[in-house]
Amino acid sequence: MAHITDPIQRDHEEHHVIPPRNYVIVFGLLVVLTILTVLAANFQFGGLLNEVVALGIATMKASLVILFFMHVRYSTPLLRLVVAAGFIFFGIMVLFTMADFVSRDWRSTPPRQIVAPVEQAPPPVTEPTLGPQPTQAVGQDEVRPRGTVNPGR
Amino acid sequence: MADTHAAQAAASGTTTTGTPTSAMSGSDTHFGAGYAVSAGSTAHGAHARAHQFDTPQQQYAASNLGMWIFLATEVMTFGGFFLAYIVYRALYPETFALASPHQSATWGTINTFALILSSLTMALAVHAAQTGNRRRLTMFLGFTIALACVFLVVKSIEYTTHIEENLWIGSQNFHMERPAGEIVDPEAARVDLDSTVQQGRAKIFFFLYWTMTGLHGFHVLIGIVLLSALLINNLRKVYSENYYTPVEMTGLYWHFVDLVWIFLFPLLYLLGGAHWHI
Amino acid sequence: MATVSTPIGEPIRRPERRVRLTYLNNGYGLRSWLFTLDHKRIAWLYLITITVAFMVGSIEATLIRLELLTPAGDLVQAENYSKLFTMHGITMIFLFLVPSIPAVLGNFFIPMMVGARDVAFPRLNLLSWYVYMLGALFLLAVMLLGGTDTGWTFYTPLSTTNYTQNVVPAAMGILIVGFSSILTGLNFLVTIHKMRAPGLTWFKMQLFLWSLYATSLIQVLATPVLAITLLLVAVERTLRVGIFDPALGGDPILFQHMFWFYSHPAVYIMILPGMGVISELISAFTRRNVFGYRFVAASSVAIAIYGFLVWGHHLFVAGQSVYSAMVFSVLSFFVAIPSAIKVFNWTATLYKASVWLQTPMLYAIGFIGLFVVGGLTGLFLAALATDVALSDTYFVVAHFHYVMVGGMLLAYLGGLHYWWPKMTGRMYPEFLGKLAAITVFLGFNLTFFPQFVAGALGMNRRYYSYDSSYQIYNVLSTAGSTILGVGFILPLFYLTWSLKFGKLAPDNPWGSAGLEWQSPTPPPPENFEEQPVVLHGPHHYTRKEVTVG
Ligand SMILES: [Cu+2]
């Protein structure tokens, strides 16, 4: 039993020395993308496209930082899994929560409108929304309604 | 029943006779079927490392994994805020579009550049540590700290402006004015912003703004403390090309701080149009 | 190795060390305990503190049961009753159940089971305990200030109004305890990944390791969300403005989403370690490897990950989208699959085995029965239609007590008895042990089974008074809790007694194949005298041993 070879891959990670030139290139890309996202902000793409563009650029920037500054491009599969896990579980949280919000009033609410301060605007100033209706004016926080309480389990 | 099992245990060579005060005699008496003893294991490596590790490589791998798991928890921490932001942005897009221009794209862009530049200097600091160049390590750590301070100074200027504009959420006089300049979102342009409903939603935006940037700013502050500790240790010649794990780990943390800002910047400053003011 | 040769060839006999160095005699002062970096001593720090927490939580439970003996509010009125059940929940969940098996048994045995000298980050390990203590101090302060009365769930908008008290310190206390839980989970993940002995591949790991690995995953990924949610409640309460406030257009149901994103997976923080202990016990006392080992191992991780997809079953009557509720309902049913895999495999292991009915095994068998009841009643609550009727009734209370007490607490007690000889070097008194195990099992069922009936008949939870038609169930329940109390007090006394007067324990009293038993009793400071090498799979019992039985 003198020398049993160690069958465990202990992820003998090497320290990756990356030439400074690469860091500067990544920095240059980050600068370009920052300028792009600022420029894109004043265009109205319509629909959700503004959000998509802004978040798309942010994701590209984030990927650059993670892959190169944080060396994930050169790291073990385990570390990549850890990085992915953080974002995947955040994604699960957003996905299921938003599923509730977007499907909450499918049948009961008329199509969404914004009440405009126009002469022809209809008299009821209430605004159909997906979210809960405000029950009281702002600024009177001291006497809030007790609200219905559903104790959890 | 009990006796049978004890007999089995004894028969299998699994020790059942030792008492806690008995002296150790043989070297492998304690290992039952399925285990052996590694011969060379007691030989310790020459490098400085904590006693629970066999090799410096193992120690480094453990630190690295630990740091990344910590960063995953940080993703979930900020994730709670981002979830709230996404929900309310989906519910009240027009109010949020009117709230973003209250953040100065000028200051925001300056701070974005400060942070990505500090990420670069941090990466170069790690490189200096890897190559054992203490002078350059000191220099780049200094740059990084300076840029982090720039970020906090700009942020506090912004905070002051916001408080003057009655945008502090704790204030009794909270009121969000219609932002000066062009409103990009046509739907947002038609909203009656002075209504109680809209002011309530504006408060939600600014609640998110203050708490998200506040938590991020707190992380920057912690980063400055960590970086200063590195700097002091480096001046005391603690790090060399053989030992610089703390520099690398702090580097990961600092890049993460940058990462959060990369998402905060468009969400809080830009969606709704970049408005350039000071 | 006590002899050496002199130059003249005459062997000199050196005096043998009379007392072997163990982690227990490696320093005696208070400082050697409070500033220790030894995971085994830190486990003891946790053991003592969570025992105190358990006693406090039990006293609160006793008061609740006493109050419910009669339909009227004889002992306490509405407000104090709310405080009692809130503090009972907070104490038991955050100060006892979440740290119980991981921080005590896990801390002690994970490094030993992986064949390491310590956890990966010993300082962080000690820090976790201090952070836990800081959070516990906050919660103690809340108790001294008169307690908080929101329920352990801190639902908004109730928790952000002036009707409730001491919410901010309570939320901060839980947030801090949460950080302790994160640090412990992080430490265990890295330890299991990076500290394993030569030869110990993933599918040679003991099942306790697998379950604690899965638990740590949840602790690390879910707890931050709880922290941020409670922080938001505290800010909202302090500034009187917040994103959950309906007056501003905020949505309290968002709070519930965020809260249950943590708290449903947290249920698995509270049951997975118990499942790991039971796997160890069943293996050791049947002298077999657990049937379907790989499935049991993988089901732990499956439960941990899948547990993140079902939290919405807590929101069925809260006003979430009907469509969302349907999806969550269907998804919740599927959690039964990995849980059932475990139960079936344990049962298959017991089939035709020669079972050694020592105290830990009694707890293990009790666990299987009670967990099955707890799990199956969970299906009633996962079903959308029945849950609408059963929500907020005693049926729910009985259900989760079957899982938490019948499951986790029994597993904890079983594990504590099983490893007690290794931890202390002393045996516990077997007869009293068996007596206590049977008392706990009977007392538990008498306490909580009537609550299923009362709940199904419509008795609401969280009220200090109730319709007199439910009194019979409550009298039974209170009577049962008295028996249960005796069952808990017994081990407290005889285990403490055994520390000094118990029979000296052999190295491996159960003849267990686990790596932690291959070390001398009590273990030396660095766990093993030599670095172990693992040659075979877990729970490896040779053919001969099995056929003798
Ligand atoms: Cu649940």
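Excluded from the calculations below are hydrogen atoms, water molecules and symmetry mates; all remaining heavy atoms, backbone and side chain alike, are included. Lettering of chains follows the sequences in order, A, B, ..., and the numbering in each one begins at 1.
One finds the OG1 atom of A/T97 at 9.5 Å from the CD1 atom of B/I86 (value rounded to the nearest 0.5 Å). Annotation: the span from A/T34 atom OG1 to B/I116 atom CD1 amounts to 4.0 Å, rounded to 0.5 Å. From B/S119, atom OG reaches atom CZ of A/F68 across 14.0 Å, with rounding to the nearest 0.5 Å. We find the CZ-CZ distance between A/F27 and B/F113 to be 7.5 Å, quoted to the nearest 0.5 Å. In this structure, the separation between CD on A/E51 and CG on B/L267 is 9.0 Å, given to the nearest 0.5 Å. To the nearest 0.5 angstrom, A/I35 atom CD1 is 9.5 Å from B/T109 atom OG1.
Counting only heavy atoms from C-beta outward, the side chains of A/V94 and B/F82 never approach each other to under 4.5 Å. The shortest side-chain heavy-atom distance between B/W68 and A/V72 falls under the 4.5 Å cut-off. Residues A/K61 and B/T112 meet the side-chain proximity criterion, which asks for heavy atoms closer than 4.5 Å.
Panel note: side chain A/N42, backbone B/G273; no donor-acceptor pair is recorded below 3.5 Å.
If you measure heavy-atom distances from B/L259 to chain A, the contacts under 4.5 Å come from the side chain alone. Residue contact with chain B, scored on non-hydrogen atoms closer than 4.5 Å, involves the backbone and the side chain of A/M70 alike. With a 4.5 Å cut-off on non-hydrogen atoms, B/F265 touches chain A through its side chain but not through its backbone. Heavy atoms closer than 4.5 Å to chain A are found in the side chain of B/L271, but not in its backbone. Using a 4.5 Å cut-off between heavy atoms, B/W276 contacts chain A through its side chain alone, with no backbone atom that close. Heavy atoms closer than 4.5 Å to chain A are found in both the backbone and the side chain of B/L83. When heavy atoms are compared at a cutoff of 4.5 Å, B/H127 approaches chain A solely by way of its side chain, counted from C-beta outward. For B/A105, no part sits under 4.5 Å from any heavy atom of chain A, backbone or side chain. Contact of A/F43 with chain B is made through the backbone alone, with heavy-atom distances under 4.5 Å. Contact annotation for A/T37: both backbone and side-chain heavy atoms come within less than 4.5 Å of a heavy atom of chain B. Looking at A/A62, both its backbone and its side chain come within 4.5 Å of chain B, counting heavy atoms on both sides.
Counting heavy-atom pairs closer than 4.5 Å to chain A, the top residue among B/L71, B/N173, B/L124 is B/L124. For chain A, the option among B/T131, B/I262, B/I69, B/D258 with the highest count of heavy-atom pairs below 4.5 Å is B/I262. If you tally non-hydrogen atom pairs under 4.5 Å between each of A/N50, A/V38, A/V26 and chain B, the highest count goes to A/V38. The choice from B/L117, B/V260, B/V126 that makes the most heavy-atom pairs within less than 4.5 Å of chain A is B/L117. Looking only at heavy-atom pairs under 4.5 Å with chain B, the residue among A/T59, A/V53, A/L48, A/I57 that has the most is A/T59.
Closest approach of A/Y23 and B/L120 over heavy atoms only: O-CD1, 3.4 Å. Contact detail for B/Q130 and A/I18: the closest heavy-atom pair is OE1-N, 4.5 Å. Closest non-hydrogen pair, B/L270 versus A/A41, comes out as O-CB, 3.7 Å. In plain terms, the two heavy atoms of A/A54 and B/P266 that are nearest each other are CB-CB, 4.0 Å.
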Determine whether B/F263 and A/L55 satisfy the following criterion, side-chain contact (heavy atoms from CB on, under 4.5 Å), listing intermediate values before the conclusion. CA-CA 7 Å; B/F263 284 99; A/L55 288 178; 4.2 Å; yes
Step by step, would you call B/M76 with A/F89 a side-chain contact (heavy atoms from CB on, under 4.5 Å)? CA-CA 8 Å; B/M76 296 309 287; A/F89 282 86; 4.0 Å; yes
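Annotation: B/F143, atom CZ; neighbour count of heavy atoms from other residues, nucleotides and ligands within 6.0 Å does not exceed 12. B/M139 CE: more than 12 foreign heavy atoms inside a 6.0 Å radius.
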